[in-house]
Student: 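The structure is given below, and queries will be raised subsequently.
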Protein chains: 2
Amino acid sequence: MTTDALSLTLSALADPTRRAILQRLSEGEASVSELTAPFAISMPAISRHLKVLEQAGLVARTRHAQWRPVQLNAAPLAELASWVERYRRHWDQNFARMDAYLAELQKGNPNGPKQ
Amino acid sequence: MTTDALSLTLSALADPTRRAILQRLSEGEASVSELTAPFAISMPAISRHLKVLEQAGLVARTRHAQWRPVQLNAAPLAELASWVERYRRHWDQNFARMDAYLAELQKGNPNGPKQ
DNA sequence: TCAGTATTTAACAATCGTGTTATTTAACAC
DNA sequence: GTGTTAAATAACACGATTGTTAAATACTGA
């Protein structure tokens, strides 16, 4: 498949369980057991969610005795943020007003800043 | 199922074809035929991608003779943007520096703004 | 009404995603 | 070594996703 990074990030984030895991990790690293506790699903299921998050680069795993602490890595979210930003003008009222204002300026300032 | 809105948005965006459709629509509305043209897949496949985007609230469809013009609706991206923003401090260097700076201020200004 | 165009829906196949339980691996402690 | 704990992997089931082609629907225009 060779899926692109942004698709990997988005499909990893599409699952509510995985987003909850990230939220927990934003408060600090955690073991797989600790991550499993809040959910009604088994540890193997969480382990697979972690694998998805790891392949998307959203978490990193280290090793400490029989624990594998999991840490958040938010770097891929930077790319997502910049992707979303390209659409901000389509929903943001301030952006819309700014566009209209600039358009007015463009055609000879009839409603420009100094009347 | 009753999937939450953010999950719907994210899984809709996880597909590269659907993101390409949105990008095309950011330049203006288009018919299904026009949206199909750039891709190597059939029109029914595109029609179903559009249904996914519509259910996520990312596009709206109107009716004009035998055409069903499709329009971008970026509103759901606002929620996504604000979700991502909550993690900005985890990747943004400026945020990290600001955090460190504020922490210094907090513990008695040893490395504060005036030395 | 009939033919043509645009689009959706139906029926099907193949693959993917997510959960389960059972088993295996790895590290600790005695 | 044995036993315990933490986690991953295997094997499986099941439903969702995504594509296909063929048929149905909706509108236009003579």
Side-chain angles (χ1 to χ4, degrees), chain A residues 1-22 24-25 28-73 76, chain B residues 1-22 24-25 28-72:
Chain A
M1 284 290 133
T2 58
T3 315
D4 62 292
L6 191 51
S7 296
L8 271 182
T9 303
L10 286 162
S11 57
L13 297 178
D15 187 287
T17 300
R18 288 195 287 262
R19 290 200 304 280
I21 289 173
L22 292 182
R24 165 63 187 82
L25 291 176
E29 70 172 25
S31 69
V32 180
S33 308
E34 288 168 335
L35 292 173
T36 301
F39 299 101
I41 62 179
S42 64
M43 188 181 293
I46 296 293
S47 184
R48 299 225 281 185
H49 280 305
L50 290 173
K51 183 175 261 180
V52 173
L53 290 169
E54 188 178 31
Q55 283 173 336
L58 286 162
V59 305
R61 286 141 128 180
T62 55
R63 185 144 217 163
H64 188 272
Q66 64 268 61
W67 292 271
R68 276 83 156 178
V70 184
Q71 293 173 287
L72 176 66
N73 176 19
Chain B
M1 287 289 132
T2 56
T3 316
D4 63 291
L6 191 51
S7 296
L8 270 182
T9 303
L10 286 162
S11 57
L13 296 178
D15 186 287
T17 301
R18 289 195 287 261
R19 289 201 304 281
I21 288 172
L22 292 182
R24 165 63 187 82
L25 291 177
E29 71 173 26
S31 68
V32 180
S33 308
E34 288 168 335
L35 292 173
T36 301
F39 299 102
I41 62 180
S42 65
M43 187 181 292
I46 295 293
S47 182
R48 299 224 281 185
H49 279 305
L50 290 173
K51 182 175 262 181
V52 172
L53 289 168
E54 187 179 31
Q55 282 173 335
L58 286 162
V59 305
R61 287 139 127 181
T62 55
R63 186 145 217 163
H64 189 271
Q66 66 266 61
W67 292 271
R68 276 84 155 175
V70 184
Q71 293 173 288
L72 176 66

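Below, read A as the first sequence line, B as the second, and so on, with proteins coming before strands; counting in each chain starts at 1.
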Student: Rounded to whole angstroms, how far apart are CD1 on A/Ile41 and P on D/dA8?
Tutor: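 Nearest whole value for this atom pair: 13 Å.
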Student: Compare side-chain N and O positions of B/Lys51 against OP1 and OP2 of C/dT9 and report whether any pair is under 4.0 Å apart.
Tutor: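 Checking C/dT9 against B/Lys51, a side-chain N or O does come within under 4.0 Å of OP1 or OP2.
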Student: In whole angstroms, how far is the P atom of D/dT9 from the CG atom of A/Leu50?
Tutor: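 Value for this atom pair: 11 Å.
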Student: For the side chain of A/Met43, counting heavy atoms from C-beta on, which of C/dT18, C/dT8, D/dA7 is nearest?
Tutor: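 Of the candidates, D/dA7 comes closest.
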Student: Rounded to the nearest 0.5 Å, what separation is found between the OG1 atom of B/Thr17 and the CZ atom of B/Arg48?
Tutor: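 So the OG1 of B/Thr17 and the CZ of B/Arg48 are separated by 13.5 Å.
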Student: Once you round it to whole Å, what is the distance between P of C/dT7 and CG of B/Leu53?
Tutor: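 About 16 Å, once rounded to whole Å.
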Student: Scan B/Ser31 against the nucleic acid and name what it touches under 4.0 Å (heavy atoms): base, sugar-phosphate only, or nothing.
Tutor: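 Sugar-phosphate, backbone atoms only, no base.
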Student: Between A/Arg18 and A/Trp67, which residue's closest nucleotide on DNA chain C lies nearer the 5′ terminus?
Tutor: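 Taking each residue's closest nucleotide, the earlier one in sequence belongs to A/Arg18.
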Student: For the pair A/Leu25 and A/Leu58, evaluate side chain to side chain contact (heavy atoms under 4.5 Å, CB included) and give the outcome as yes or no after the intermediate values.
Tutor: CA-CA 10 Å; A/Leu25 291 176; A/Leu58 286 162; over 6 Å; no
Student: Using every non-hydrogen atom in the two residues, find where B/Arg18 and B/Ser11 come nearest and quote the distance to one decimal.
Tutor: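 Of all heavy-atom pairs spanning B/Arg18 and B/Ser11, the closest is NH2-O, 3.1 Å.
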Student: Does a distance-only test, which skips hydrogens and angles, find a donor-acceptor pair under 3.5 Å between the side chain of A/Arg48 and the base of C/dG19?
Tutor: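 For A/Arg48, whose side chain was compared with the base of C/dG19, there is a donor-acceptor pair (under 3.5 Å).
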Student: What's the closest nucleotide to the B/Gln66 side chain, out of D/dG19, D/dA26, D/dA8?
Tutor: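 Taking heavy atoms from C-beta onward, the closest nucleotide is D/dA26.
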Student: As a test of reading the structure: which of D/dT20, D/dC27, C/dT21 is closest to the side chain of A/Ser42, going by heavy atoms?
Tutor: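 In terms of side-chain proximity for A/Ser42, the closest of D/dT20, D/dC27, C/dT21 is C/dT21.
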Student: Could you walk me through whether A/Leu6 and B/Arg19 pass side chain to side chain contact (heavy atoms under 4.5 Å, CB included), step by step?
Tutor: CA-CA 10 Å; A/Leu6 191 51; B/Arg19 289 201 304 281; 3.8 Å; yes
Student: Looking at CG of B/Leu53 and CG of B/Leu22, how far apart are the two atoms once the value is rounded to the nearest 0.5 Å?
Tutor: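 CG of B/Leu22 is found 5.0 Å from CG of B/Leu53.
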Student: Between B/His49 and D/dG19, is there a side-chain N or O to OP1/OP2 distance below 4.0 Å?
Tutor: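 Yes, because at least one side-chain N or O of B/His49 sits under 4.0 Å from OP1 or OP2 of D/dG19.
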Student: Nearest to the side chain of A/Arg68 - C/dA6, C/dA26, D/dT18?
Tutor: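 For A/Arg68, the side-chain atoms sit closest to C/dA26.
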Student: Between C/dG19 atom C1' and A/Asp15 atom CG, what is the distance in whole Å?
Tutor: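 Whole-Å distance recorded here is 11 Å.
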Student: Find the distance between CZ (A/Arg24) and CZ (A/Phe39) and round it off to the nearest 0.5 Å.
Tutor: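 Those atoms lie 10.5 Å apart.
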Student: To the nearest Å, give me how far apart CD1 (A/Ile46) and P (D/dA6) are.
Tutor: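 Nearest whole value for this atom pair: 16 Å.
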Student: If you compare every side-chain N and O of B/Ser47 against the phosphate oxygens of C/dT7 (OP1, OP2), does one of them come in below 4.0 Å?
Tutor: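 For C/dT7, neither OP1 nor OP2 has a side-chain N or O of B/Ser47 closer than 4.0 Å.
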Student: D/dG19 C1' sits how many Å from B/Phe39 CZ, rounded?
Tutor: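 In whole Å, D/dG19 C1' and B/Phe39 CZ are 15 Å from each other.
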Student: Please give, in whole Å, the distance from D/dC27 C1' to B/His64 NE2?
Tutor: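 Those two atoms, NE2 and C1', are 12 Å apart.
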Student: How is A/Arg63 classified with respect to the nucleic acid when contacts are heavy atoms under 4.0 Å: base, sugar-phosphate, or nothing?
Tutor: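 Answer is sugar-phosphate: A/Arg63 comes under 4.0 Å of backbone atoms only.
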Student: Between D/dC27, C/dT8, D/dA8, which nucleotide has the shortest distance from any of its atoms to the side chain of B/Ala65?
Tutor: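 The listed nucleotide nearest to B/Ala65's side chain is D/dC27.
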Student: Please classify the nucleic acid contact of A/Thr17 as base, sugar-phosphate, or nothing, using heavy-atom distances under 4.0 Å.
Tutor: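 Since no nucleic acid heavy atom lies under 4.0 Å of A/Thr17, the category is nothing.
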Student: Hey, does the side chain of A/Arg61 come within less than 4.0 Å of D/dA8's phosphate (OP1/OP2), counting only N and O?
Tutor: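 Yes, because at least one side-chain N or O of A/Arg61 sits under 4.0 Å from OP1 or OP2 of D/dA8.
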